[in-house]
Amino acid sequence: MADPLAPPRVRFAPSPTGYLHVGGARTALFNWLYARQTGGTFLLRIEDTDKARSTDESERAIFEGLEWLGLNWDEQVVHQALGLARHQRDANFLLETGAAYRCFCTPAELEQLRKEAAARKDSFKYDRRCDLLAPDEIKRRVDAGTPFVVRFRVPHGETAWEDAVHERIAFPNKDIEDFVILRSDGTPIYNLAVVSDDIDMGITLVMRGDDHISNTPKQIQLYRALGNEPPRFAHVPMIHGMDGKKLSKRHGATAVADYQKEGILPGAMVNFLALMGWSPGGDREVMSLEEMIALFSLDGLQKKAAIFDTKKLEWMNGQHLSRITAMQLEPRLTSALLDAGIASREMLISRHEWYLGLIDLLKVRARTVLDMVRQAAPFFPGPIAFDPEAVEKQWKDRAASSGILEAVRNEIANLPSWTPESLEAALRALAEQRGVAAGKIFHPLRVALTGLSVSPGIFEVLIAMGPELAAKRLNDAIGFLNAA
RNA sequence: GGCGGUAUCGUCUAGGGGACUAGGACGGAGCCCUCUCAAGGCUCAAACACGGGUUCGAAUCCCGUUACCGCUACCA
């Protein structure tokens, strides 16, 4: 920590080897919230030193995921691979200062040593044999072009730090082996690259998953050997699946893009993610991004892994759906509607007021925007399917149902005014006239209009549909019933 | 195996020595509202892993045990 008063600099450092995972998104979110609250800087670094696994597509997926969530980063994106020269310089510096040494052991030899240790039921730790090589022997091998890796010589003692979420964590150095920092091909290993980059980027707080706890003592040693004070560390808990294991594809969707496709709002996703491992205290749950920025605190970070519960995510989404305005929701629903082929852009533009009203009608009882798409279909001209269960339940007696629908069609066709009140009055009167409960009219009518047994209030449905479409839906239903 | 981490309702969590008969939320059960479904309101079931300390007093502090998780690569 160079200057405790300087604004913090934090980073999110994913490796581009897949999609943006919800766990990664959550780590990014915490860093982002911290930076935004403190007036600090949030940086993005792509850890692409593993050429074999890194792809441009995954890098794009990470950008798109973060953008969708609204987690904008400051400054230029850093690509770790571009720091190669500096990584090598740092490794050489450590070699020169004697903090590191060359190791000529081949992977095969190492493998053999591991096997032997396993046979003895010992835990393997590199025995430093190459550190014992005489200087002229080392020179001879280097001159002969023998490949070598660079290993960091872990000093005696203990490495400890005050973690922002765990308090003090300490490792006896004897348990840390002399780890490799530079491969025989001259490329850096993770721990070196991370420390070199974090120093270079001026990172003051490293907030990351707690699966990095055991890397931390190695990194602290590197900071010191490189002549730098280590930053603060905050190790946040993992996110697990419902079975308590690390969240993976087996648990269903783990990519934030999957939730985007399923119609989760970014605000809800971020809100839900924030609550996995963080609590503002009290009973606060549904929050906007702004509220979270204001409330965020390292003190509220949880130590325990959280289990990803999609049920609660959906509930959260429902909450955000009901708080958001039709206007705010419009762009997201529009693209979903277009994708589903339910409406055309022209249709939505030409009846904009009506469209906004429809959104208000639907969003109350939807949990995702995909729910809304499903519920929106009947309000557009395309044909609808009659849900078999709804038919079974509400149109049990086909002839009678058909009769009711015809009566309704005639009744509302001649209505002088087309308002919720006039429609309700007319339909209730019809029920009375036929000597049946109002529900006996409303329910079959709902199936006729929407094909479903679930919809907004029936009069609102009629209004939103308008006389023309409603008549068409009724005729279709009557035709369906008479044909059967 | 070694090392490290964690442990409050099924799940997310509040709690930071007395206010705890352990609070809220999701999910579950039920009731109310009601043309259906949501939303909303109300009610119920549901937890301090175990064992020792420390203390007048422990969910809260300490130590063990157990369970779970992570790391243990020339991956990140």
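Any value given below was found using the heavy atoms of this structure, including those in side chains, with hydrogens, waters and symmetry copies removed. If you're wondering where the values come from, they're calculated on a predicted model, not measured in any experiment. Naming: A, B, ... by sequence-line order, numbering from 1 per chain.
Among residues at least two apart or in separate chains, there is no salt bridge (Lys or Arg N to Asp or Glu O under 4.0 Å) pair with a member in residues 17-29 of chain A. Annotation: salt bridge (Lys or Arg N to Asp or Glu O under 4.0 Å) contacts involving residues 81-94 of chain A, sequence neighbours excluded, comprise Arg86(A)-Asp197(A), Arg86(A)-Asp200(A). For residues 160-171 of chain A, the set of pairs meeting the salt bridge (Lys or Arg N to Asp or Glu O under 4.0 Å) definition, not counting sequence neighbours, comprises Glu158(A)-Arg168(A).
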Could you go through residues 304-312 of chain A and list every donor-acceptor pair under 3.5 Å that involves a side-chain atom there, pairing it with any protein atom two or more places apart or in another chain?
| from | atom 1 | to | atom 2 | distance (Å) |
| --- | --- | --- | --- | --- |
| Asp309(A) | OD1 | Lys311(A) | N | 3.1 |
| Lys312(A) | NZ | Glu285(A) | OE2 | 3.3 |

Return a table of donor-acceptor pairs under 3.5 angstrom between the side chains of residues 384-392 of chain A and protein atoms on other chains or two or more places apart.
| from | atom 1 | to | atom 2 | distance (Å) |
| --- | --- | --- | --- | --- |
| Asp387(A) | OD2 | Ala390(A) | N | 3.2 |
| Glu392(A) | OE2 | Lys396(A) | NZ | 2.8 |

With a cut-off of 3.5 Å and sequence neighbours excluded, list every side-chain donor-acceptor pair involving residues 175-182 of chain A.
| from | atom 1 | to | atom 2 | distance (Å) |
| --- | --- | --- | --- | --- |
| Glu177(A) | OE1 | Tyr126(A) | N | 2.7 |
| Asp178(A) | OD1 | Arg128(A) | NE | 3.4 |
| Asp178(A) | OD1 | Arg128(A) | NH2 | 3.0 |
| Asp178(A) | OD1 | Val154(A) | N | 2.9 |
| Asp178(A) | OD2 | Tyr101(A) | OH | 2.7 |
| Asp178(A) | OD2 | Arg128(A) | NE | 2.5 |

Without placing hydrogens or testing angles, list every side-chain donor-acceptor pair under 3.5 Å for residues 439-446 of chain A, not counting sequence neighbours.
| from | atom 1 | to | atom 2 | distance (Å) |
| --- | --- | --- | --- | --- |
| Arg446(A) | NE | Ser455(A) | OG | 2.8 |
| Arg446(A) | NH2 | Pro456(A) | O | 3.4 |

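In terms of modelled atom types and a separation under 3.5 Å, the side chain of Asn410(A) and the main chain of Ala407(A) share no donor-acceptor contact.
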Taking protein heavy atoms under 4.0 Å as touching, what does nucleotides 30-51 of chain B look like 5' to 3' if B marks base contact, S marks sugar-phosphate-only contact and - marks none? -----BBBBSS-----------
Going 5' to 3' through nucleotides 11-17 of chain B and flagging B where a protein heavy-atom sits under 4.0 Å of the base, S where only the sugar-phosphate is that close, and - otherwise, we get SBSS---
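For the C1' atoms, the distance from U11(B) to G1(B) is 33 Å, rounded to whole Å. A gap of 40 Å separates the P atoms of C3(B) and G23(B), to the nearest Å.
The side-chain hydrogen bond (donor to acceptor under 3.5 Å, both in side chains) search around Arg208(A) returns Thr216(A), Gln219(A), His235(A), not counting sequence neighbours. For His21(A), there are no ring-ring contact (aromatic ring centres under 6.0 Å, His included) partners at least two apart in sequence or on another chain.
Contact annotation for Thr49(A): backbone-only contact, meaning every heavy-atom pair under 4.0 Å involves sugar-phosphate atoms and none involves a base.
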For nucleotides 2-5 of chain B, which of its nitrogen or oxygen atoms have a protein nitrogen or oxygen under 3.5 Å away, and what is each distance?
| from | atom 1 | to | atom 2 | distance (Å) |
| --- | --- | --- | --- | --- |
| G5(B) | O3' | His166(A) | ND1 | 3.0 |

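For Phe179(A) and A76(B), the CZ to P distance is 13 Å, given to the nearest whole Å.
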